[in-house]
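Here is the naming used below: chain letters follow the sequence lines, and residue numbers restart at 1 for every chain.
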Amino acid sequence: MSDFRRRVLAVVRRIPPGRVATYGDVADWAGRPRAWRAVGNIMRECHEPATPCHRVVGAGGALGGYGGNPQLKRELLRAEGLQVGIARIRRFRDVRWATKVSKEASRKWKVETEK
DNA sequence: GCATTGACTAGGG
DNA sequence: GCCCTAGCCAATG
């Protein structure tokens with residue numbers, strides 16, 4: 001279990017219900033802003049219920065994937081009060097976690113996880 | 001250690 | 001908004 005992977009999971013678990021974050025956001029919070037692609041790889045492995053992988057979506061509100069069951073992901077998100085289209089999240093800007101979190105909070109989070 | 005792969009993204013047409 | 005391209009990172013064989 002690499003350090004980066006551990007951080008990514010920690011960030012994902014931090015996403016509150018009814019909110020979503022993009023792969024890019026997660027990578028950023030994990031300390032590697034340009035590792036979004038790797039984040040996708042990690043998610044593929046960690047399909048355990050302990051981490052709300054379904055709250056991690058693609059940039060611009062794209063759903064991304066969910067193992068062999070993308071539809072399930074849509075259901076889960078809708079169950080949390082999100083408006084989900086065929087392959088997109090409506091009101092994405094309003095439910096995107098990263099934009100709702102204050103800079104203060106992100107700074108604090110980084111300080112705690114950097115060490 | 002190199003090559004391939006992927007639940008990605010930003011930019012240009 | 002959609003399609004294509006190039007760039008990027010960690011995991012895998």
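At the heavy-atom level, A/Ala35 lies under 4.0 Å from the strands shown only through sugar-phosphate atoms. Counting any heavy atom pair closer than 4.0 Å across all strands shown, A/Arg44 reaches a base atom.
Summarising the geometry, the separation between OH on A/Tyr23 and C1' on B/dG6 is reported as 11 Å, rounded to the nearest angstrom. When the P atom of B/dA7 is taken as reference, atom CE of A/Met43 falls 13 Å away, rounded to whole Å. With rounding to whole Å, A/Asp28 atom CG is found 14 Å from C/dC9 atom C1'. Put simply, CZ on A/Phe4 is 10 Å from P on C/dC9, counting in whole angstrom units. Between the CD1 atom of A/Ile86 and the P atom of C/dC2 there is a distance of 13 Å, given to the nearest Å. Counting to the nearest Å, the C1' atom of B/dA7 and the CG atom of A/Leu77 are 13 Å from each other. A straight line from CD of A/Glu45 to P of B/dC8 spans 14 Å, rounded to a whole angstrom.
Using a 4.0 Å cut-off between charged side-chain N and carboxylate O, A/Arg55 and A/Glu80 make a salt bridge.
For A/Arg37 and C/dC8, a side-chain-to-base donor-acceptor distance below 3.5 Å is present, hydrogens and geometry of angles not being considered.
Checking B/dT9, C/dA10, C/dC9 against every side-chain atom of A/Trp36, the shortest atom distance belongs to B/dT9.
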